Amino acid sequence: MSQDLIRLTLKDGKVLTVPRGISAKDALMMAGEDEDSLIAARLNGNLVDLTQTVDHDAAMEGLGFDSEGAVEILRHSAAHIMAQAVKSLFPNAKVAIGPAIENGFYYDFDVERPFTQDDLEKIEARMREIIASGMEFHRKELPREEAIDFFAERNEKYKVELLQALDSPWVSCYSQGDFVDLCRGPHIPDTSYVKAFKLTSVAGAYWRGDEHNPMLQRIYGTAFFNREALEKYLHFLEEALRRDHRRLGRELDLFSFSDEVGAGMVIYHPKGALLRQILEAFEKREHLRRGYQIVMGPTLLKTELWKRSGHFDHYRENMYFTEIDGQSYGIKPMNCLSHMLIYKSKIRSYRDLPLRFFELGTVHRHEKSGVLHGLLRVRQFTQDDAHILCMPEQLNGEIQDIIDFVIEFMGIFGFPYEMEISTRPEKSIGTDEDWDRATRALVSALEEKGMPFQTCEGEGAFYGPKIDIKLKDVLDRKWQCATIQCDFTLPERFDLNYIGVDGGRHRPVMVHRVILGSIERFLGVLVEHYEGAFPVWLAPVQAVAVTVTDAQADFARSVCEELRKAGMRVELDDRNEKLGYKIREAQMQKVPYMLVIGNREVAAGGVCPRRRDGTQLDLMPVQEFAAMVDKECLDATMGRVGLGII
RNA sequence: GCCGGCGUAGCUCAGUGGUAGAGCAGCUGAUUCGUAAUCAGCAGGUCCGGGGUUCGAAUCCCCGCGCCGGCUCCA
């Protein structure tokens with residue numbers, strides 16, 4: 001083969017012989033790719049610009065609009081365009097970093113005054129000009145020192161700082177028009193590829209995320225290859241807004257917050273409290289079925305005890321303290337302490353293990369004011385918390401049981417989920433042997449269950465490795481709820497032990513775990529997931545009886561009474577309003593069943609249920625309706641919950 | 001905690017220095033009606049709290065509380 005030819009292996013396995021030094025774009029066009037749909041290329045697995053020249057044999061693949069990673073390249077380029085616009089409007093602005101993120105991009109700027117909404121509009125307008133002019137992105141490689149001089153000259157101290165932290169002697173910069181930015185690339189060929197974008201918000205953000213650093217101004221935006229995709233995304237945002245649990249919580253009269261009470265404290269109204277009671281009743285039954293014992297500990301415990309557990313040293317900032325009779329007490333931020341004391345209340349034998357203590361434990365954590373968010377981030381919340389104390393050889397089985405528990409619950413609520421194992425972090429306690437054994441127990445439990453999982457190296461708690469379960473709601477948003485954590489410190493600090501078969505004392509292994517996590521957060525997620533239209537087994541009000549006129553009130557009352565006796569949660573709407581009005585209201589309250597009661601029903605002595613989705617069922621006796629709803633509840637919960645759980 | 005925005009009737013919001021408003025919800029009355037809003041009338045406010053500027057503050061300034069969007073933190 002001639003020296004001037006190289007061989008490119010294409011995605012479909014075909015080999016293309018091309019001149020050495022050809023651009024990625026020309027090579028891909030020779031391979032039959034459509035110029036208009038290409039935005040970048042993959043060379044030996046690495047993303048590169050279309051203008052990249054190829055000097056050696058390689059594997060090559062074109063990146064089209066729909067390819068994985070394509071939209072990230074677009075968004076990153078959009079961030080550059082935004083930075084160019086900002087620099088042209090605010091020449092004194094210093095640029096920091098501007099990556100693509102999930103659903104969009106951002107760029108951080110150091111500016112004299114924060115951006116306003118007006119500024120965003122001006123920036124958007126300038127971006128549109130830049131996009132319309134179709135400026136090409138040019139890559140330039142230069143020695144790092146040269147780049148430092150370049151940016152230092154332009155007073156771009158953040159870029160200089162970034163460059164100084166880099167190891168490589170050569171770096172790359174990209175320019176479009178007069179704007180030059182330090183960047184690894186790749187980028188879209190020219191600015192006109194950004195067919196649809198929007199700047200969404202502006203917020204303060206610390207340089208490198210560290211609160212000791214200066215605060216920069218971050219502008220968020222998003223970009224797409226076509227207008228429809230942007231519209232779809234904006235529609236998704238609207239959808240999320242409609243499902244917002246804070247709004248639905250008010251509209252459905254579930255809960256509220258009050259500035260007189262204080263930030264981050266939930267007030268449950270009757271329907272919200274009922275919903276929570278249903279969840280809790282369900283949980284208690286499920287834990288008892290699985291051999292957990294329900295326990296209850298106090299809210300206030302002496303500070304001395306928090307010192308012994310290590311919470312005082314490691315978690316004090318988040319705790320509330322008070323003084324009673326000259327004694328310092330701390331309000332519990334976790335439930336483990338009394339569980340430790342229950343374990344220690346008598347001598348334990350290996351025959352007693354495993355012990356599984358379950359508590360719907362209400363804890364207080366002093367979260368920073370800026371992070372509070374509806375039910376999802378509060379200062380007082382209740383965990384479905386349990387601590388399992390077992391022999392090391394029982395650990396694997398216990399973990400498997402918990403995983404089964406989680407899987408079953410996620411199935412009942414209709415959530416897909418992902419699992420992650422987090423391993424030993426740098427700052428941690430315990431022997432290597434402990435960590436290995438516990439980590440292996442977690443990994444093998446997941447493997448034996450055939451569960452796929454991700455590994456997050458060094459992300460474990462300082463006291464032990466953990467499995468986190470992230471559920472995904474109907475809008476594909478991820479929420480952390482369940483977590484399974486091994487703990488080497490507490491059994492040690494509280495000197496827990498059991499008498500083994502050999503008659504000697506041994507240290508039990510401890511597992512902290514929650515299934516729903518915080519009941520508050522889980523409720524918030526549930527509200528958003530179902531958009532407030534709870535499945536009938538969870539709905540605080542399962543049916544509303546609606547009279548057509550006053551004449552049916554007595555019969556309607558007797559229907560409600562009968563249904564209540566059967567365990568149904570039912571309300572009566574006998575107000576002097578037109579039927580349509582009452583139906584509309586029940587519909588907006590998302591009640592699963594409406595029982596319209598007019599003269600026909602009175603005469604027949606039965607009900608004609610109407611489902612929330614508008615389907616109309618035939619006349620049936622009241623008892624038959626109750627049996628039907630009971631079955632519906634049981635079917636949705638794998639036979640666990642019927643009528644009358646509360 | 002930090003940056004920015006915001007706080008007016010139960011809810012959604014108008015009102016930018018000169019007598020606090022609308023729609024929905026509520027109450028009263030009429031209407032007694034068959035599957036997503038009947039009509040009329042009435043009532044409803046420490047304009048988040050405190051301080052200041054001003055002849056006069058919902059409106060301007062300061063402090064605090066709370067909410068929203070982020071950052072950060074998350075044993």
Side-chain angles (χ1 to χ4, degrees), chain A residues 101 106 108 111 113-117 119-120 200-220 241 244 246-247 250-251 253 256-265 306 309-319 333-336 363 365-374 377 422 425 427-429 459-464 466 468 480 483 485 487 489-490 512 517-518 544 546-553 574-589 594-601 608-612 614-616:
Chain A
I101 53 172
Y106 68 80
D108 286 345
V111 278
R113 62 161 179 86
F115 294 115
T116 63
Q117 199 55 42
D119 293 334
L120 283 198
T200 48
S201 65
V202 54
Y206 300 106
W207 167 234
R208 296 189 150 173
D210 185 334
E211 61 184 320
H212 301 104
N213 285 338
M215 181 162 274
L216 309 175
Q217 290 299 312
R218 173 172 299 178
I219 303 178
Y220 285 93
L241 202 65
D244 193 307
R246 293 166 298 187
R247 172 193 179 137
R250 186 174 50 241
E251 287 174 0
D253 201 12
S256 64
F257 294 89
S258 157
D259 52 358
E260 292 173 290
V261 169
M265 310 288 180
W306 295 113
S309 67
H311 287 86
F312 190 81
D313 285 341
H314 294 281
Y315 205 63
R316 194 181 350 171
E317 318 289 73
N318 285 295
M319 288 179 64
M334 292 172 210
N335 300 301
C336 25
V363 298
R365 296 183 184 176
H366 182 195
E367 301 287 352
K368 287 180 180 177
S369 59
V371 307
L372 301 173
H373 182 94
R377 202 62 184 271
S422 296
K427 275 192 180 172
S428 57
I429 59 141
E459 295 283 304
F462 80 91
Y463 52 74
K466 61 175 182 174
D468 287 328
Q480 152 103 54
T483 178
Q485 313 188 339
D487 188 341
T489 54
L490 283 181
H512 306 251
S518 145
V544 182
V546 180
T547 53
V548 177
T549 73
D550 291 345
Q552 299 89 32
D574 60 355
R575 290 174 302 170
N576 175 13
E577 293 289 349
K578 289 177 80 170
L579 181 61
Y581 181 88
K582 294 199 262 189
I583 296 266
R584 176 185 149 86
E585 209 150 271
Q587 194 74 44
M588 292 199 309
Q589 287 295 307
M594 284 168 242
L595 304 171
V596 173
I597 297 181
N599 286 331
R600 290 204 294 271
E601 285 75 16
C608 285
R610 174 200 206 267
R611 286 211 173 94
R612 186 163 51 190
T615 52
Q616 182 63 56

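Each chain gets a letter, A, B and so on, in the order the sequences are listed, and its residues count up from 1. Just so we're clear, the structure is a prediction, and the values are computed from it rather than from any experiment.
- One interatomic measurement links the two molecules: CD of A/Glu260 to C1' of B/G49, which rounds to 10 Å at whole-angstrom precision.
- Not counting sequence neighbours, A/Glu601 has no partner by the salt bridge (charged side-chain N to carboxylate O under 4.0 Å, His left out) test.
- Comparing the C1' positions of B/C3 and B/C42 gives an interatomic distance of 48 Å, to the nearest angstrom.
- Between A/Ser201 and B/G70, a side-chain N or O to OP1/OP2 separation shorter than 4.0 Å is absent.
- Here A/Ser309 pairs with A/His311 under the side-chain hydrogen bond (donor to acceptor under 3.5 Å, both in side chains) rule; sequence neighbours left out.
- Rounded to a whole Å, the CD atom of A/Glu251 is 13 Å from the C1' atom of B/A25.
- Residue A/Thr549 places its side chain closer to B/U32 than to any other of B/U32, B/G1, B/C68.
- Following rounding to the nearest Å, A/Arg377 (CZ) and B/U72 (C1') show an atom-to-atom distance of 10 Å.
- In a base pair of the Watson-Crick type (N1 to N3 plus N6-O4 or O6-N4) or a G-U wobble (N1-O2 and O6-N3), with each distance short of 3.5 Å, B/U12 is matched with B/A22.
- Under the Watson-Crick or G-U wobble criterion, with both distances below 3.5 Å, B/G45 has no partner in any strand shown.
- Projected onto RNA chain B by closest heavy-atom contact, A/Gly209 and A/Ser369 fall at different nucleotides, the more 5' of which corresponds to A/Ser369.
- In this view, A/Asp550 satisfies the side-chain hydrogen bond (donor to acceptor under 3.5 Å, both in side chains) rule with no residue, not counting sequence neighbours.
- Comparing the C1' positions of B/G4 and B/A20 gives an interatomic distance of 29 Å, to the nearest angstrom.
- Nucleic acid contact for A/His512: none, since no nucleic acid atom lies under 4.0 Å from a heavy atom of the residue.
- B/C60 and B/G52 make up a base pair, with Watson-Crick or G-U wobble contacts both under 3.5 Å.
- Between the side chain of A/Tyr206 and the base of B/G1, a donor-acceptor pair under 3.5 Å is found.
- Here, B/G45 and B/C11 have their P atoms 14 Å apart, quoted to the whole Å.
- At the phosphate of B/C68, OP1 or OP2 sits under 4.0 Å from a side-chain N or O atom of A/Arg246.
- Taking 4.0 angstrom as the limit, A/His373 places a side-chain polar atom (N or O) nearer than this to OP1 or OP2 of B/G69.
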Can you tabulate the close N/O pairs, meaning under 3.5 Å, that link protein atoms to atoms of nucleotides 45-47 of chain B?
none

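- Taking for each of A/Tyr220 and A/His311 the nucleotide of RNA chain B with the nearest heavy atom, the 5'-most of the two is the partner of A/Tyr220.
- For A/His512 against A/Asp487, the heavy-atom pair with the smallest separation is NE2-OD2, 2.7 Å.
- Taking the salt bridge (charged side-chain N to carboxylate O under 4.0 Å, His left out) definition, one finds that A/Asp244 meets it with A/Arg246, sequence neighbours left out.
- Taking atom CD of residue A/Glu211 and atom P of nucleotide B/C2, one finds them 10 Å apart after rounding to whole Å.
- Comparing the P positions of B/G41 and B/A25 gives an interatomic distance of 15 Å, to the nearest angstrom.
- A/Asp313 meets the side-chain hydrogen bond (donor to acceptor under 3.5 Å, both in side chains) test with no other residue; sequence neighbours excluded.
- With sequence neighbours excluded, no residue forms a side-chain contact (heavy atoms from CB on, under 4.5 Å) with A/Lys578.
- The distance from atom CG of A/Asp550 to atom P of B/U32 is 10 Å, rounded to the nearest whole Å.
- The partner of B/G66, taking Watson-Crick or G-U wobble pairs whose two distances both stay under 3.5 Å, is B/C6.
- Shown here, B/U35 forms no base pair; nothing in the strands shown gives a Watson-Crick or G-U wobble contact with both key distances under 3.5 Å.
- In this structure, A/Glu459 has no salt bridge (charged side-chain N to carboxylate O under 4.0 Å, His left out) partners at least two apart in sequence or on a different chain.
- Only the P atoms considered, B/C68 is 23 Å distant from B/C47, to the nearest whole Å.
- Between the side chain of A/Lys582 and the backbone N or O of A/Arg575, at least one donor-acceptor pair lies under 3.5 Å.
- The two residues A/Ala203 and A/Tyr220 make their nearest non-hydrogen contact at CB-CE1, 4.5 Å.
- Looking at residues two or more places apart in sequence or on another chain, you find a salt bridge (charged side-chain N to carboxylate O under 4.0 Å, His left out) between A/Asp119 and A/Arg113.
- Side-chain contact between A/Asn599 and A/Val548 is absent, with no heavy-atom pair separated by less than 4.5 Å.
- The CH2-P distance, from A/Trp207 to B/C2, rounds to 23 Å in whole Å.
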Pairs under 3.5 Å (N/O, protein and nucleotides 3-8 of chain B):
{"unit_1": "B/C3", "atom_1": "O2'", "unit_2": "A/Gln217", "atom_2": "NE2", "d": "3.0"}
{"unit_1": "B/C3", "atom_1": "O2", "unit_2": "A/Gly204", "atom_2": "N", "d": "3.3"}

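- A/Arg316 forms a cation-pi arrangement with A/Phe312, by the criterion of a distance under 6.0 Å to the ring centre and an angle within 45° of the ring axis.
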*In the 5'-to-3' direction, what one-character label does each nucleotide of nucleotides 9-15 of chain B receive under the scheme B = base within less than 4.0 Å of a protein heavy atom, S = sugar-phosphate only, - = no such atom?*
--SS---
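- Contact record, A/Gly374 with A/Phe257: O-CZ, 3.4 Å, taken as the closest heavy-atom pair.
- Between the CZ atom of A/Arg575 and the C1' atom of B/A25 there is a distance of 11 Å, rounded to whole Å.
- Under the Watson-Crick or G-U wobble criterion, with both distances below 3.5 Å, B/U72 is left unpaired in every strand shown.
- As rounded to the nearest Å, B/U19 and B/G15 have P atoms that lie 16 Å from one another.
- B/G7 and B/U59 are spaced 11 Å apart, taking the P atom of each and rounding to whole Å.
- Among the protein residues, A/Ala461 comes within range of no part of the nucleic acid, since none of its heavy atoms lies under 4.0 Å from any strand.
- Without hydrogens or angle criteria, A/Arg610 side chain to A/Met594 main chain gives no donor-acceptor distance under 3.5 Å.
- Taking the P atoms as reference points, B/C74 lies 27 Å from B/G64, given to the whole Å.
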*For nucleotides 34-43 of chain B, just jot down a letter per nucleotide in 5' to 3' order: B, S or -, based on protein non-hydrogen atoms under 4.0 Å.*
BBBBB-----
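- For the residue pair A/Asn318/A/Glu367, the side-chain donor-acceptor check at 3.5 Å is not satisfied.
- Here the straight-line distance linking atom NZ of A/Lys368 with atom CZ of A/Arg377 works out to 10.5 Å at 0.5 Å rounding.
- Rounded to whole angstrom, the span from the OH atom of A/Tyr106 across to the P atom of B/G69 amounts to 19 Å.
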